[in-house]
Amino acid sequence: MSKQAKIQGGIVFPGERLGVVEEFFPGSGLYQKNGVIRSAELGTIRYDPSKRELAVSKINRSLLLPREGMEVYGEVGSVMRHDAMVDVFILDGKLLPSPYTGIIQSLDGNRNMLMEVRNGDIVKAKIINTKNRILQLSIDSSDYGVVYAYCSKCGMFLENHRNRLACPRCGRVERRKISTSYGAEELN
Amino acid sequence: MTPKKVKEEFLRVDGRAWDELRPLKIESGVLSNADGSAYIEMGKNKIIVGVFGPREVHPKHLSKPHTGVLRCRYHMAPFSTDPRRSPAPSRRDTEITMVMRYALEPAIFLERYPRSSIDIYAEVLQADGGTRCATITASSVALVDAGIPMRDLVAACSTGKYNGRIILDLGDYEDKNGEADVPIAYMPKLEQITLLQMDGILTAEEFEQCISLSIEGCKKIYEVQREAIKKKYVVEKSEKEIEKAEEFIEESRVEDEQ
């Protein structure tokens, strides 16, 4: 059996020596140090003969980290004229064990965030930047925006009537930047 | 005098040979709410470790733009020692917290997680000497359980001098009444020492002896760590796959040496 065929599917632990850089290209789940390729993960070895690439696909817990372009859900915290803070609790469809903090900003300064979101609303947004300490989020597309909103007078869930949110209990009408999926999202 | 003879003649307070570890048991994935966890029993030491992250750093000013931060907490439960100890963090707790961080940091790819933190919480439920080493050993298993990429596992054990002899894995009595204590953390595959402390007085030869004995001890502990991880993640049918990979690794090593 060839060396390449042998390694396919084998299970390795972090730190295990798998070869040298002259033999393989290190793919994901690997690292190289002093010309030696080692596993960085607990996982199974995958070898791609066409690329001569070695990789380790992990078998333990996969990490969930925010990346640009990911869809998130969060609860709106404090809202000011030009920005609103959001506690992101769902990242890429998965519930986070601990929330990330995000911010929705009026980048051109012309928008009034107080008219778009309110404290306690659940918003659907997209990550546009992860390079700062807090995630920068955007609700610009029609898909994004508030998905659940509550009446600021009585706390009842607001119903969508022709893009205007009305409270079924007290009749108050409020404005938000709502998502096309307002009220229809299932959040676990 | 050959080591074998020493082994026969010299028995320690607890009846162990000079180069014998205490009975060691490690279990991974014991806490349901932690991202990764481990429980270790090393002799009478009982320690539970939980790992959280990578996650957002709180307070935010501690986050670093170019790397992640590793935060540790070593704490001894009030009932872990006799007599009862205060639950407030002591000078010793603060030191071991720092030592743990220094021992584990070289093994983690923190630079892959900028603006994030990895938090390790270790609680000593019962202490009997060598808790810092046992904590580092368990933390490393918990980190793998949490799915955090690592350069290698870190195994730790102590050696020391008691009644003029160099012994492995000191218990509480030997630690308190002995002449010296050398805890070491070691990455077995990379063959690197990540922690080295010394308490007491040793000659240069004795110190070297301690190091080589510790490394032997760490290699034995490493095998137990692997077993603990295998037990959780690798089902029986994969045993063959492990053998296959080990065979390949050995083959590749031999080839490289040639």
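All values below were derived from every heavy atom in this structure, side-chain atoms included, with hydrogens, water molecules and symmetry-related copies excluded. Order of the sequence lines fixes the chain letters, A, B, ..., with proteins taken first and strands second; residue numbering starts at 1 for each chain.
- A distance-only check finds a donor-acceptor pair linking the side chain of Tyr31(A) to the backbone of Arg151(B) [under 3.5 Å].
- When heavy atoms are compared at a cutoff of 4.5 Å, Thr101(A) approaches chain B by way of both its backbone and its side chain.
- The shortest non-hydrogen separation linking Leu63(A) to Ala146(B) is CD2-O, 3.5 Å.
- Contacts between Ile37(A) and chain B at a heavy-atom distance below 4.5 Å are absent for every atom of the residue.
- The neighbour count for Phe157(A) CZ, taken as heavy atoms of other residues, nucleotides or ligands under 6.0 Å away, is above 12.
- Here the closest non-hydrogen pair linking Asn132(A) and Arg115(B) is O-CD, 3.1 Å.
- A donor-acceptor pair under 3.5 Å is formed between the side chain of Asn60(A) and the backbone N or O of Val144(B).
- Neither the backbone nor the side chain of Asn34(A) comes within contact range of chain B; no heavy atoms are under 4.5 Å apart.
- At distances below 3.5 Å, not a single donor-acceptor pair connects side-chain atoms of Lys189(B) with backbone N or O atoms of Arg17(A).
- Atoms CZ and OH, on Phe13(A) and Tyr222(B) in that order, are 7.0 Å from each other to the nearest 0.5 Å.
- The existence of a salt bridge linking Arg61(A) and Asp145(B) is excluded, since no basic side-chain nitrogen approaches an acidic carboxylate oxygen closer than 4.0 Å.
- Proximity to chain A involves both the backbone and the side chain of Arg55(B), based on heavy atoms less than 4.5 angstrom apart.
- Between Tyr100(A) and Pro54(B), the shortest heavy-atom distance links the atoms OH-O, 3.6 Å.
- In this structure Arg172(A) satisfies the side chain to side chain contact (heavy atoms under 4.5 Å, CB included) test together with Arg118(A), Cys151(A), Ser152(A), Lys153(A), Cys167(A), Cys170(A), Glu174(A), sequence neighbours excluded.
- For the residue pair Glu41(A) and Gly147(B), the shortest heavy atom distance occurs at OE1-O, 4.0 Å.
- Put simply, the side chain of Asp152(B) does not reach to within 4.5 Å of the side chain of Glu16(A), judged on heavy atoms.
- Taking a 6.0 Å sphere around NZ of Lys220(B), one finds it holds more than 12 heavy atoms contributed by other residues, nucleotides or ligands.
- Among Pro97(A), Ser39(A), Gly43(A), Ala40(A), the residue making the largest number of heavy-atom pairs under 4.5 Å with chain B is Ala40(A).
- We find the CD1-CD1 distance between Ile11(A) and Ile229(B) to be 12.5 Å, quoted to the nearest 0.5 Å.
- Contact annotation for Ser98(A): only side-chain heavy atoms (C-beta onward) come within less than 4.5 Å of a heavy atom of chain B.
- Closest approach of Leu65(A) and Tyr113(B) over heavy atoms only: CD1-CE2, 3.2 Å.
- Within 6.0 Å of atom NZ in Lys58(A), more than 12 heavy atoms from other residues, nucleotides or ligands are found, so the atom counts as buried in its surroundings.
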Notebook entry, point to check: Please walk me through it: do Lys60(B) and Ile134(A) pass side-chain contact (heavy atoms from CB on, under 4.5 Å)?
Noted result: CA-CA 9 Å; Lys60(B) 287 205 184 69; Ile134(A) 50 178; 3.4 Å; yes
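- With a 4.5 Å cut-off on non-hydrogen atoms, Gln192(B) touches chain A through its side chain but not through its backbone.
- Only the backbone of Pro99(A) comes within less than 4.5 Å of a heavy atom of chain B; no side-chain atom from C-beta onward does.
- Annotation for Asn33(B): atom CG does not count as buried by contact number, only 12 or fewer foreign heavy atoms lying within 6.0 Å.
- Contact annotation for Leu42(A): only side-chain heavy atoms (C-beta onward) come within less than 4.5 Å of a heavy atom of chain B.
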